[in-house]
Amino acid sequence: MLAGDEGEAVREAIRFQVEVGRFFGAKRFVPITNVHVMGDIEVMGDGGFGFLKAVVLKGARCRVPTDSNARCMHFDERADCLRPDKGEEAKERQVVSMLRDMRVATTDTCINYQTVYQPKLGEHVAWGDTGTVIYANSVFGARTNYEGGFSSFAAALTGRTPAYGFHLDEARRGSIAVTLEATMRDVADWGALGRIVGHPNQDYFAVPVFEGVRSMPQSDELKHLGASLASYGSHAMYHVVGVTPEAPTAAAAFGGREVTSRITVTDADIEAAYRAYRFVPAEKNVVVFSGPQLSLFEMQRLAERFAGRQVAPGMHCFATTNHAIHSDAARLGYLKTLEDAGVTVLQGVCFYILQRLTEIRAENGWANLVSNSGKLVNTITAHRFNTVLRRTDECVEIACTGVLR
Amino acid sequence: MSREIRVVRAWGPVVEGEALVMKEGFSPRYDLNRVTGVITRIGQSCEGQSVKDKVLVIPTTKGGVAGGWAFFDLLAKGIAPKALVFGKLNPVMVQGAVLAGMPIAEGGVENGLLEIASGARVRLDPANARLVVL
């Protein structure tokens, strides 16, 4: 590959991977079976757009099954208050076209682990979105690092990735001991837990181990925990003793690694996490269910909560999901219930990566952004929203009454 | 008098510039307006300051895969930092820095990395794993 026998695109990809691997002291590559790429015009900009164009012109083709992360535009004329730039919209359509030319299945989803591909215990993959990475490592016991930008594309072109970090046994052992005494009642509680643990322990190579979980967490709950840990702590893996596959016991989860931090999380800690988010007085606000995209069961539960209700004047309310779930939600009637209530459901996007979001916030006069996603209230802050984390029921109540509490 | 800080690992060519020192974890998506190059997260320790041509000194990372493309695009826009020096980093920062050809380093907190003052002139010498405060 380095000699260029497999084309210029592959040569550039492997050169890049060698440089990154050397930084982390990787001694070898590991073959991978699946790739999740992140490439949208908002994050790539003209620089990345030109780079990708050049790679495609050099004949780049994915040699393992590859899907795509959520897009930064909804291509939906009905959501006019989220209008992207026309010029950028044209580029985004070109990006989608280039991805397809490279043999990327453009699933446009940040929940590929719930709807597209579920790697097995010990399977090496190269996934390029933090929420997907932490879910793969923790819940499936698969093996991947964060593979951002060109890194995931390079893995798709070469079919391998440098063996460092979470591809190796030693990185996967627990280092933060968390005793969970709180009763977890909502996905937002799991996001709050991710903030409580992740924020004071920002370290990619730290691995929290949770003990004391009293009932079997659902996929959506583990999804919100992981997304939040990845967001606040930059973590790529966690263990839940008795739940996740590499943690049959606490001893197995820690694997003899030194514990650097011990935390006990109570009901009072979860409540304090919510209270730390304060509203600013404002007439126009937005409630968002996104980050990660909603699963089918999240769509079902949300439709049940909004049935027969209406989003209040002065409020906007959005939910985002992928194309597959959007289609099923339409078939099952969840979509109509939500739309009848005034909720705008966007497909193939995630809210915080929307192109032109700073301007969109200003044009709509939104001050507070309320969400049940611990991740979303952290990731969107460069756009100067005042973000507030609340439980799902409270978010629905705020959306339908306009009362900020 | 110059002061030398050993880092754990580094990549890229030698670079010299003015330090912009953050007090908290950083993500180009969470903290930075990537159109203007100005830190816009409310309450961030460097809020209102531009990263253009600065050597960013950052304790840790938050998130996030945006850095994989972001540094390359900041370079294309002419508003990129000169180098990135982290106390602790994640792979995305390295992946993004390598794509952009931007020098990057990790480590040195125990050697006083985070005591550097914003505005100080610094030289990063990746091959010798050292950061010199000039």
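Just so we're on the same page: letters track the sequence lines, and every chain starts at 1.
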With a 4.5 Å heavy-atom cut-off (strictly below), which parts of residues 124-134 of chain B touch chain A? List them by number. none
Which is it for B:R9 and A:F24 under the side-chain contact (heavy atoms from CB on, under 4.5 Å) test, yes or no, and what are the steps along the way? CA-CA 8 Å; B:R9 47 192 172 188; A:F24 288 104; 3.7 Å; yes
Of all the residues in residues 35-42 of chain B, which have a heavy atom that comes within less than 4.5 Å of a heavy atom in chain A? B:T40, B:R41, B:I42
For the interface with chain A, which of B:P91, B:A97, B:A100 has the highest count of heavy-atom pairs at distances below 4.5 Å? B:P91
Of all of B:T61, B:D31, B:L32, which one pairs up most often with chain A through heavy atoms under 4.5 Å apart? B:T61
Of the listed residues (B:V94, B:N33, B:V92), which shares the most heavy-atom pairs with chain A below a 4.5 Å separation? B:V94
Need one label for B:Q44: side chain, backbone, both or neither, based on atoms under 4.5 Å from any heavy atom in chain A. neither
So for A:Q17, is it side chain, backbone, both, or neither that comes closer than 4.5 Å to the heavy atoms of chain B? neither
Hey, which of A:N145, A:N69, A:V20, A:V43 has the most heavy atom pairs under 4.5 Å with chain B? A:V43
Measure up the A:F150 and A:F153 rings against each other and bin them: parallel (under 30°), tilted (30 to 60°), perpendicular (over 60°). parallel
Between A:F166 and chain B, which part of the residue has a heavy atom less than 4.5 Å away: side chain, backbone, both or neither? neither
Between A:I353 and chain B, with a heavy-atom cut-off of 4.5 Å, which part of the residue counts as in contact: side chain, backbone, both or neither? both
Quiz question: by atom type and distance under 3.5 Å, do the side chains of A:H36 and A:T132 form a donor-acceptor pair? no
Using only non-hydrogen atoms and a strict under-4.5 angstrom cutoff, which residues of residues 67-78 of chain B touch chain A? B:G68, B:W69, B:A70, B:F72, B:D73, B:A76, B:K77
In terms of heavy-atom proximity below 4.5 Å to chain B, should A:F205 be classed as side chain, backbone, both, or neither? side chain
Side chain, backbone, both or neither: which part of A:F23 has a non-hydrogen atom closer than 4.5 Å to chain B? both
Less than 4.0 angstrom from a charged side-chain N to a carboxylate O is my criterion; do B:E106 and B:K88 meet it? no
Residue A:N386 versus chain B: region with a heavy atom under 4.5 Å: neither
Check the pair A:E147, A:T161 against side-chain hydrogen bond (donor to acceptor under 3.5 Å, both in side chains), reporting the backbone distance first and the verdict last. CA-CA 9 Å; A:E147 299 264 13; A:T161 194; 2.6 Å; yes
Tabulate, in ascending numerical order, the residues of residues 49-59 of chain B having at least one heavy atom closer than 4.5 Å to a heavy atom of chain A, or enter 'none'. none
Just wondering, more than 12 heavy atoms not from B:E110 lying within 6.0 Å of its CD? yes
